[in-house]
Chemist: 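Below is one structure. I have some questions about it.
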Amino acid sequence: MTTAMERVMDAIDIETYLVCNDANEGKKLALQLGQEMNLGEIDIMYQEFDGYGVRLRLRKYIYKPGTMYKYLTPEEKA
Amino acid sequence: MSKRILCVPFDPVHDVGIKIIKNELDKNGHHTELLSPDLSPEVIVKIASKGNYDFILVSRTLGYGVAEMLARFVDMLDAAGVREKSKIVIGGKPITPELAAELGFDKGFGEHSSLEELLAYIEGREVKQAGTGLHRTKKDITSKYDYRFKHTEIGSLLDSIANKLITFTADKTSPGVERAKIRAEIFTTQDEAKKKVLLSDYYSLCDEVIVEGNTKKNFVKGVREVTAQEIINLNSFLGRSQPLNPYKIQYNEKQPLLFKFLGSGCPIMDITHAKVCERYGIDGFLIINPSWEARYEGLLQGCLTHENDGTITSFENIKLMRESLDESTLLTVRAHRGLNTPETVLLAGKAGADLAKINLVYGSLGAGTDPVRLAVDGVEAIKLAARYNMPFDIPGNDELSGVPAWKTLAGLLINVMVGIKLGAKPILKPLFCYGPHIVINGMMKQNFIDYNAAKVYALREIVNAPIWPGEPIAFMTQSEERVQSANATSYHASLAASTGVDAITVASTDEAYSRGPICITSRIDSIRAISDAFRFVGDAKFATTSQADYFTEDLINKITSTLREVDSKENLTAAIYDGLLGNKEDGAYPGKFGYGTVN
């Protein structure tokens, strides 16, 4: 039985807004968010601090090119 | 058989949705009656019970308390005996089959339901499946062009420049040309012993790293063979496609075809992405190879995957991609980077690709190949493109180094004339970009429209040839912010549609993000944005200002003077070495790969 995570075609993008004091804190919180969501290390694709917080686009690759894509295995067919 | 249907807008104001449905039902031969939108439930029930309807079609958008109201309404219809003679159906944006059943309706249709589903229900038949195909035919971008030069001086200068180049390369060869010849022979020979000899000859012209990879499977770091099981799994995925009407991005036939890059490194990932993009209406793809491939003499063979940027352009990889795509989908292969240009075009032709990407000038300026080597290899590659009836697309990406647009366009036109003389079908690919030279000189201070449009207008005034802006459009206007990136792409796509070009290459909303491969959701983002933009623009146009006319004239004048200078040189390669099509100040340098390898 595959997990939903294994059915992700390539990556999960998270878009959110974190309330924080400055861009540095925003960055730390963004990375912490990845940990709290059990995504491990995530990448900050885009970050914009506006005085109240940061608008974020975060990415976690589930599969990178050249790896085995579990959603393709026949026994795991939907 | 025709049905009698009472259409009920169960809403104090809105009846647009049910009106559209009524029109469609009428067109399909059914008898409909449409009530006004402000009737009370009691009045509607009275009308429904008096008439002899097969269906009572209720339309309503849900809001607070509406579900309860609808349930009461169904009870009233039941009490009046309407259900004994009529099916009671609800339609509306948030309606699901489950909700419709819960409220007591016989059937419900929501925003994802198709008209065909409703018709099938009304007519008591199975839904006609759309099939898994794309219902489109392959387009030939070049078919409506005769390549006539309207600007006589430019035509005449190009004629001279192309003749000198072809003469210069006529008695020359290179390891790249020779390898292509050997590979062509390997393809045709049935004699295994001869094949072995030919392969040995081939390897004698390759760099060690390529020989090691092909003979000992000792590949460049990050490269491995795709396993047979992975191919089986891929085929299983390809066979899994559910019947669905594919999206159409273009709102009318005049809007350009859309191409996307493939080059994740892994052909399987590329194919899964491409198949999804096909369903969203993408017309074609460009295979982008790894940058290291350009540096080596020879190409790796086999179905190979790569952990880093760029998909290896082996025959097997191209063939796998071609065979996995719909027949109507176009595929182009980047050939002009590096030392394998003729061989790449040969493999593309043999594997069934539709186009090859070749630019003799950009390949020697921004892409690192020695100008003499690429002249010899490029001419051979264009001949091969002609032999395999593959039009070749000529990207103007040297503009991204800082080369002024007129020099880049002059380079594109030189390729066009060489192509015409060699019997090929070239496609001009000016950049729609916010390039360094444009930024520094403030050509887009007023807007992003005039200068981009002027490139198309200038080329149109010079030659009757296909135009395909790229590569991708909106280059250097996109950020890593998703909405901004999608918008930038869609605006440039609308401009492209406004100028009536034939095709465009479009980015994904993570194109500006360089720390990982492009992901499928980002591909879909930009497709949806363009689709909306094309609907918005329709057959209208983005208007240019008078500045575009000035830019057009200026570009034509500067292209002419650039070509005069190029023609004053011994041949194109001398002009490139002398910086006439891009110099150090522009940020362009003649490439070094393959220097001294031409015999």
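Heavy-atom basis, side chains included; hydrogens, waters and symmetry copies ignored. Naming: A, B, ... by sequence-line order, numbering from 1 per chain.
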Chemist: Hey, what do you get for OG1 (A/Thr73) to CD (B/Gln229), rounding to the nearest 0.5 Å?
Modeler: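 Here the rounded value is 8.5 Å.
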Chemist: For B/Asn487, does the CG atom have more than 12 heavy-atom neighbours from other residues, nucleotides or ligands under 6.0 Å away?
Modeler: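 Yes - once you tally the heavy atoms of other residues, nucleotides and ligands closer than 6.0 Å, there are more than 12.
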Chemist: Heavy-atom distances under 4.5 Å only: say whether A/Ile44 touches chain B with side chain, backbone, both or neither.
Modeler: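 Contact with chain B: backbone only.
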Chemist: Would you give the length of the straight line joining atom CG of A/Leu72 to atom CD1 of B/Ile271, rounded to the nearest 0.5 angstrom?
Modeler: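 It comes to 10.0 Å.
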Chemist: Count the heavy atoms belonging to other residues, nucleotides or ligands that lie under 6.0 Å from NZ of A/Lys27, then report whether that count exceeds 12.
Modeler: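 No - once you tally the heavy atoms of other residues, nucleotides and ligands closer than 6.0 Å, there are 12 at most.
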Chemist: Heavy-atom pairs under 4.5 Å with chain A are the metric here; pick the option from B/Gly222, B/Ser479, B/Ser264 that has the most.
Modeler: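 Heavy-atom pairs under 4.5 Å are most numerous for B/Ser264.
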Chemist: Side chain, backbone, both or neither: which part of B/Ser485 has a non-hydrogen atom closer than 4.5 Å to chain A?
Modeler: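 No part of it gets close to chain A.
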Chemist: Measure distances from B/Arg482 to the heavy atoms of chain A and classify the residue's part below 4.5 Å as side chain, backbone, both or neither.
Modeler: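 Both backbone and side chain.
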Chemist: Output yes when a side-chain donor or acceptor of A/Tyr71 lies under 3.5 Å from a complementary backbone atom of B/Phe237, and no otherwise.
Modeler: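 Side chain of A/Tyr71 to backbone of B/Phe237, a donor-acceptor pair under 3.5 Å: no, none is there.
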Chemist: Count the heavy-atom pairs under 4.5 Å between each of B/Leu234, B/Ile268, B/Asp510 and chain A, then report the option with the highest count.
Modeler: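 Maximum pair count with chain A is reached by B/Asp510.
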Chemist: Got a second to check how far B/Glu481's CD is from A/Arg57's CZ, nearest 0.5 Å?
Modeler: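 Output value for this atom pair is 7.5 Å.
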Chemist: Checking an interface table here. Which of residues 522-530 of chain B come within a heavy-atom distance under 4.5 Å of chain A?
Modeler: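 Under the 4.5 Å heavy-atom cut-off, B/Ser522, B/Asp525 qualify.
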Chemist: About how many Å separate CG of B/Asn233 and NZ of A/Lys70, when rounded to the nearest 0.5 Å?
Modeler: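 The distance works out to 13.0 Å.
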Chemist: Let me see the working for A/Met68 and B/Glu230 under side chain to side chain contact (heavy atoms under 4.5 Å, CB included), right down to the final yes or no.
Modeler: CA-CA 8 Å; A/Met68 297 289 184; B/Glu230 284 177 297; 3.4 Å; yes
Chemist: Report, as yes or no, whether the 6.0 Å neighbourhood of atom CD on A/Glu36 holds more than 12 heavy atoms from other residues, nucleotides or ligands.
Modeler: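 Yes.
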Chemist: With sequence neighbours excluded, tell me which residues meet ring pair (Phe, Tyr, Trp, His ring centres under 6.0 Å) with B/Tyr247.
Modeler: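 Ring pair (Phe, Tyr, Trp, His ring centres under 6.0 Å) list for B/Tyr247, sorted by chain: B/Tyr280.
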Chemist: Considering only heavy atoms and a distance below 4.5 Å, find which of B/Thr305, B/Leu304, B/Ile520, B/Asp270 pairs most often with chain A.
Modeler: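 Maximum pair count with chain A is reached by B/Ile520.
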Chemist: First locate atom CG of A/Asp10, then atom OG1 of B/Thr521, and finally report the distance between them rounded to the nearest 0.5 Å.
Modeler: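 The OG1 atom of B/Thr521 is 6.5 Å from CG of A/Asp10, to the nearest 0.5 Å.
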Chemist: Is B/Val226 close to chain A through its backbone or its side chain, or both, or neither, when contacts mean heavy atoms under 4.5 Å?
Modeler: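 B/Val226 has no heavy atom closer than 4.5 Å to chain A.
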Chemist: With chain A, which of B/Cys266, B/Pro267, B/Ala512, B/Ser514 has the greatest number of heavy-atom pairs at distances under 4.5 Å?
Modeler: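 Max contact count across the listed options: B/Cys266.
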Chemist: With side chain to side chain contact (heavy atoms under 4.5 Å, CB included) as the criterion, how do B/Glu480 and A/Gln47 come out once you've worked through the C-alpha distance, each side chain's angles and the decisive distance to 0.1 Å?
Modeler: CA-CA 9 Å; B/Glu480 289 150 323; A/Gln47 169 176 340; over 6 Å; no
Chemist: Are more than 12 heavy atoms, taken from residues, nucleotides or ligands other than B/Glu307, located less than 6.0 Å from that residue's CD atom?
Modeler: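 Counting neighbours around CD of B/Glu307, 12 or fewer heavy atoms of other residues, nucleotides or ligands fall under 6.0 Å, so no.
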Chemist: To check you understand the geometry: which heavy-atom pair defines the closest contact between B/Cys519 and A/Arg59, and what is its length?
Modeler: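 Of all heavy-atom pairs spanning B/Cys519 and A/Arg59, the closest is SG-NH2, 3.0 Å.
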Chemist: For A/Glu15, is it the side chain, the backbone, both, or neither that has a heavy atom closer than 4.5 Å to a heavy atom of chain B?
Modeler: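 Contact with chain B involves the side chain of A/Glu15 alone.
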